[in-house]
Amino acid sequence: HITSESAAQAVDEDTLRTWYEANSDLFRLQPQLHVRDFWLPMGAETRDIERLIETNAQREDIETALKARGAQSLAPDGLLPANKLLDYMGGPPVRALSFAASGDWYSEVQDNGRAMYVVLVSRSDPPAPAFDPERSDIKEAYLRAKGDDAFRTYLDWLKSRAEITRDLK
């Protein structure tokens, strides 16, 4: 049960280190993505572009076909953090490419009729920072996780003692 909660609770370094190693992804910096974006003018023909992507044609062949149809690029050519890419292409492509593999394409036809094609050229996934027992965010995250666990245990205890019925109508 949760009897009290205090950010000043003492946590020994070994416990904190063990928890940090198991949860280091929580502290990892966001990946940097190198993308090439291509924006086609309204009404441009895209069937052959889609066919090239579906048949896994070489990236250079797809880019050549896009440029031949007047495609323009907005994003800088180089590694950028995902939140900076949002400024150039919006949320859906950035979310999709954040989990994609190098060489994967994202395409979208927007409401205004413009087509956007984005390829993930490369990505850089920075490692989690080294453990430092003096970092307060590590201790705060540990205490928050332990508090969440205690609260979940308490809710499960309450549920086990209550008669809960669901109306499925």
Side-chain angles (χ1 to χ4, degrees), residues 16 18-132 135-149 151-152 155-156 159 166-169:
L16 202 55
T18 301
W19 181 85
Y20 178 80
E21 289 169 358
N23 297 280
S24 62
D25 284 347
L26 296 173
F27 303 94
R28 188 179 308 276
L29 298 173
Q30 65 175 305
Q32 299 226 349
L33 307 175
H34 178 191
V35 301
R36 298 285 313 267
D37 65 320
F38 300 91
W39 297 80
L40 290 174
M42 288 191 310
E45 181 55 48
T46 61
R47 275 181 273 163
D48 58 334
I49 304 291
E50 294 292 335
R51 192 170 33 264
L52 286 171
I53 292 172
E54 288 170 9
T55 60
N56 294 318
Q58 293 292 317
R59 187 182 96 216
E60 293 78 15
D61 296 338
I62 299 170
E63 289 182 10
T64 300
L66 285 162
K67 290 175 185 173
R69 280 156 191 75
Q72 296 181 339
S73 181
L74 299 177
D77 190 19
L79 285 169
L80 291 174
N83 63 354
K84 185 60 181 168
L85 286 171
L86 290 171
D87 297 342
Y88 296 101
M89 58 192 69
V94 173
R95 276 191 295 280
L97 293 170
S98 291
F99 300 101
S102 295
D104 286 354
W105 284 85
Y106 174 88
S107 63
E108 173 184 307
V109 177
Q110 298 184 330
D111 293 338
N112 64 7
R114 288 183 72 187
M116 171 183 47
Y117 292 89
V118 186
V119 62
L120 179 62
V121 176
S122 65
R123 64 183 301 125
S124 171
D125 292 307
F131 174 75
D132 178 2
R135 284 185 51 185
S136 63
D137 59 332
I138 294 173
K139 182 180 175 186
E140 288 168 10
Y142 171 79
L143 291 175
R144 189 171 40 255
K146 290 301 173 188
D148 291 348
D149 290 345
F151 187 62
R152 240 180 264 107
L155 288 177
D156 289 342
K159 285 181 199 176
R166 294 183 189 178
D167 184 8
L168 300 177
K169 293 181 184 178

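Within the structure, the ring-ring contact (aromatic ring centres under 6.0 Å, His included) test picks out the following pairs touching residues 21-57 (sequence neighbours left out): Y20-F27.
Within a 6.0 Å radius of CD in E108, other residues, nucleotides and ligands contribute more than 12 heavy atoms. Other residues, nucleotides and ligands contribute only 12 or fewer heavy atoms inside 6.0 Å of the CD atom of Q58.
Ion pairing of R51 with D48 is absent here, as no side-chain N (NZ or NE/NH1/NH2) approaches a carboxylate O to less than 4.0 Å.
To the nearest 0.5 Å, atom CG of residue D132 and atom NZ of residue K139 are 13.5 Å apart. Rounding to the nearest 0.5 angstrom, the gap separating the CZ atom in R28 from the CG atom in D25 is 4.5 Å. Between the CD atom in E60 and the NZ atom in K67 there is a gap of 9.5 Å [rounded to 0.5 Å]. Rounding to the nearest 0.5 Å gives a distance of 7.5 Å between CZ of R59 and CH2 of W105. Note that OG of S122 and CD of Q32 are 10.0 Å apart. Values are rounded to the nearest 0.5 Å. Between L80 atom CG and L33 atom CG the span is 8.5 Å, to the nearest 0.5 Å.
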Return a table of donor-acceptor pairs under 3.5 angstrom between the side chains of residues 96-104 and protein atoms on other chains or two or more places apart.
unit_1: S98; atom_1: OG; unit_2: V94; atom_2: O; d: 2.7
unit_1: D104; atom_1: OD2; unit_2: A101; atom_2: N; d: 3.0

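Contact check for R152 versus L155: no side-chain heavy atoms found under the 4.5 Å cut-off. Proximity of F131 to L16: side-chain heavy atoms (C-beta onward) are separated by under 4.5 Å at one or more points. In this structure the side chain of R69 never reaches within 4.5 angstrom of the side chain of T46, judged on heavy atoms. Side-chain contact between D149 and K146 is present, with heavy atoms from C-beta onward closer than 4.5 Å. Looking at heavy atoms from C-beta onward, Y117 lies out of side-chain contact with E63 at the 4.5 angstrom threshold.
Shortest non-hydrogen contact noted between I53 and I62 is CG1-CD1, 3.9 Å. In terms of heavy-atom proximity, I49 sits nearest to E45 at CG1-O, 4.5 Å. The two atoms that bring I138 and W19 nearest to each other are O-CZ3, 3.9 Å, heavy atoms only. Nearest heavy-atom pair across G91 and L86 is CA-CD2, 3.6 Å.
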Does the pair V35 and L85 meet the rule for a side chain to side chain contact (heavy atoms under 4.5 Å, CB included), with working shown? CA-CA 9 Å; V35 301; L85 286 171; 3.8 Å; yes
